[in-house]
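Inspection log for the structure reproduced underneath, given as structure tokens.
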Amino acid sequence: MLELNYLRENRDEAVERLSKRCNDSYPKLVDKAIDLDSKRRSLQVELDSLLAEQNLASKEIGNLMQSGNRDAAEGLKSRVATLKTKSQDLKQTQNDLEKELSDTLYQIPNAPNQAVPKGKSETDNEEIFTYGELPKLHANAVPHWELASKYNLIDFELGVKITGAGFPVYRGKGARLQRALITFFLDEANKAGYEEVIPPLVVNEASGYGTGQLPDKEGQMYYIKEDDFYLIPTSEVPLTNIYRDVILKEDEMPIKHTAYTPCFRREAGSYGKDVRGLNRLHQFDKVEIVQIAHPDQSYQILDKMIDHIKDLLEKLELPYRILRLCGGDLGFASAITYDFEVYSAAQDKWLEVSSVSNFETYQSNRLKCRFKNDEMKKTQLVHTLNGSALALPRILAAILENHQTEDGIQLPKILHDYTGFKTID
RNA sequence: GGAGAAGUGGCAGAGUGGUCGAAUGCACCGGUCUUGAAAACCGGCGUACCGCAAGGUACCGGGGGUUCGAAUCCCUCCUUCUCCGCCA
């Protein structure tokens, strides 16, 4: 969530930045939060002095008891009892205020960075970079789900039988290609200095709140009722939560982690178009990169993460474009997001394969992930960033579709050593 | 799953109702000494909120309760360890 200090001291700037999201309700929420906070603070002052008086009186009672002055002690006791009733009342009011304040803060998304274009929907996203020629396919080219079945790479129906729609079964060269891509992505991340992690695929409620999936995206996660656990929708959740309630040393940063994990998403409400084949699944594989960064460095780091992903896509010989998301399309917790889309030729579609974001202090504020600032001698919130590098299914779809020939699928050179085969035919 | 024990500052470890935000040791930071280092000695050394400051308030696994007063007593949840059972 946004920092109260920031809202208090830069109210107009916050409202201005939030306006990029094109939602009228935010200024009101900001003012409500500021108002609740100031009430809470003045209440705190009142409560503190009341408690100070109680504490003092209690010590005095102790002294009186020891010196055998019972009557005086009893007198003070009743005085304290009055104070206590009052302070308990105040405490209750304060708890209510705090609850209302945090509810309000949870409803305010991150304030977009200055570079984020104002806009309502994906049509307002800004294309900032393109790479590669759009491939010209042969006359009989088909979409990936047909290729998958033709070459026996993925069995969608079998997945329906075992589980349900959106849980494909990869097999044969399909499974091996998938594994090769995972290894390739992890190797590249390792080379770039990311420490590899194998995290839990199931997280508790606190972790869900830490990275901002809860409370707003509750319905998007699979939930295990008996244990109050959630299946991860992305490894961002366990990776970033490693640093929940942690105070780092300044020279430990930036911290860089990568992980391959399956990701689980209910995708409630997105049935219908765009769900064919690998385009949208309930379970999919992803390699993620995450950084915990010094606030002064996070935007440089964001650029490096972008370069890392560009490099992956270019090595895979896939045409792609980078979009800077407009305010309306920006994720709730993000200050700025770049989406990478590859061109999937047979569908004639751009498919999102990566999303790189700087969350600034929005997540770290919830996570309470801070560092000791050596100069200022203060603890300060870190910046968190993450990006997909990369999401597997759509990459697989694009590889199959773009590299198909009359005689089979020619794999990009970089993968040959990883797969052990060059073509699928 | 059954039985028992325990959770205190970065770590170790005291503290069983009052002056305890918490002894002590180690680690860490600053200083003295030294050509330099080590050792020794001196000082500092949790987080958050309010305050110009002095200072105040909260926090001893989480939550709740008893009491004028709780790290200390009670309830509950979580976690860890030991033993038994089960199992990859």
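Fair warning: this is a prediction, and the values are worked out from it, not measured in the lab. Both backbone and side-chain heavy atoms feed into the values below; hydrogens, waters and symmetry mates do not. Every chain is numbered from 1, with letters handed out A, B, ... down the list of sequences.
- Of the listed nucleotides (B/rC68, B/rU57, B/rG69), B/rU57 has the atom at the smallest distance from the side chain of A/N55.
- Here the P atom of nucleotide B/rU57 and the CG atom of A/L43 are 17 Å apart, to the nearest Å.
- B/rU66 makes up no base pair with any nucleotide shown, lacking Watson-Crick or G-U wobble contacts both under 3.5 Å.
- Comparing the P positions of B/rG7 and B/rG15 gives a spacing of 11 Å, expressed to the nearest Å.
- Base-pair partner of B/rA40: B/rU32 (Watson-Crick or G-U wobble, both distances under 3.5 Å).
- Using a 4.0 Å heavy-atom criterion, one finds that A/L76 contacts no nucleic acid atom at all.
- When Watson-Crick and G-U wobble pairs are counted only if both distances are under 3.5 Å, B/rG51 pairs with no nucleotide at all.
- At least one side-chain heavy atom of A/Q54 sits under 4.5 Å from a side-chain heavy atom of A/L51.
- As judged by a 4.0 angstrom heavy-atom cut-off over every strand, A/R41 is placed among residues touching the sugar-phosphate backbone only.
- If you check B/rG21 for Watson-Crick or wobble pairing at under 3.5 angstrom, you find it has no partner at all.
- Panel note: side chain A/N402, backbone A/L318; no donor-acceptor pair is recorded below 3.5 Å.
- In this entry B/rU72 has no Watson-Crick or G-U wobble partner, no candidate having both defining distances under 3.5 Å.
- Residue-level contact check: A/A52 touches the backbone only, with heavy atoms under 4.0 Å from sugar-phosphate atoms and none from bases.
- Straight-line distance from the CG atom of A/N95 to the C1' atom of B/rG64: 12 Å, rounded to whole Å.
- When the P atom is used for both B/rA14 and B/rG51, the distance is 41 Å, rounded to whole Å.
- B/rU82 and B/rG18 have their P atoms separated by 35 Å, given to the nearest Å.
- The aromatic rings of A/Y222 and A/H282 stand perpendicular to each other, their planes meeting at an angle above 60°, with 30° marking the opposite boundary.
- One can place NZ of A/K59 at 11 Å from C1' of B/rG21, the figure rounded to the nearest angstrom.
- Nucleotide B/rC26 forms a pair with B/rG10, judged by Watson-Crick or G-U wobble geometry with both contacts under 3.5 Å.
- Spacing of P atoms, B/rG31 relative to B/rG36, comes out at 13 Å, to the nearest Å.
- Taking the six-membered ring where the residue is Trp, A/Y418 and A/F184 present perpendicular rings, their angle passing 60° and hence far from 30°.
- A donor-acceptor pair is defined here as one N or O able to donate and one able to accept, closer than 3.5 Å; no such pair exists between the side chain of A/S334 and the backbone of A/L330.
- If you take atom C1' in B/rG61 and the same atom in B/rC78, they sit 8 Å apart, rounded to whole Å.
- Among B/rG56, B/rA48, B/rC68, the nucleotide with an atom closest to any side-chain atom of A/K84 is B/rC68.
- Taking the P atoms as reference points, B/rC41 lies 12 Å from B/rA27, given to the whole Å.
- One P atom belongs to B/rC73, the other to B/rA6, and the distance between them is 11 Å to the nearest Å.
- When both distances must be under 3.5 Å, the Watson-Crick or G-U wobble mate of B/rA5 is B/rU80.
- Atom pair A/L50:CG and B/rC50:P shows a separation of 19 Å (rounding to whole Å applied).
- Between A/F332 and A/Y362, the two ring planes are perpendicular [angle over 60°; tilted spans 30° to 60°].
- With a 3.5 Å ceiling on both atom-pair distances, B/rC87 lacks any Watson-Crick or G-U wobble partner.
- Side-chain atoms of A/S388 come within 3.5 Å of backbone N or O of A/S355 as a donor-acceptor pair.
- Across B/rA48, B/rA58, B/rG18, the shortest atom-to-atom separation from the side chain of A/L51 is found for B/rA58.
- A/L97 places its CG atom 15 Å from the C1' atom of B/rC49, with the value rounded to the nearest Å.
- Mapping A/I247 and A/Q88 onto RNA chain B by nearest heavy atom places A/I247 closer to the 5' end of the strand.
- Mapping A/Q54 and A/R40 onto RNA chain B by nearest heavy atom places A/R40 closer to the 5' end of the strand.
- As a whole-Å value, the separation of A/K86 NZ from B/rC68 C1' is 17 Å.
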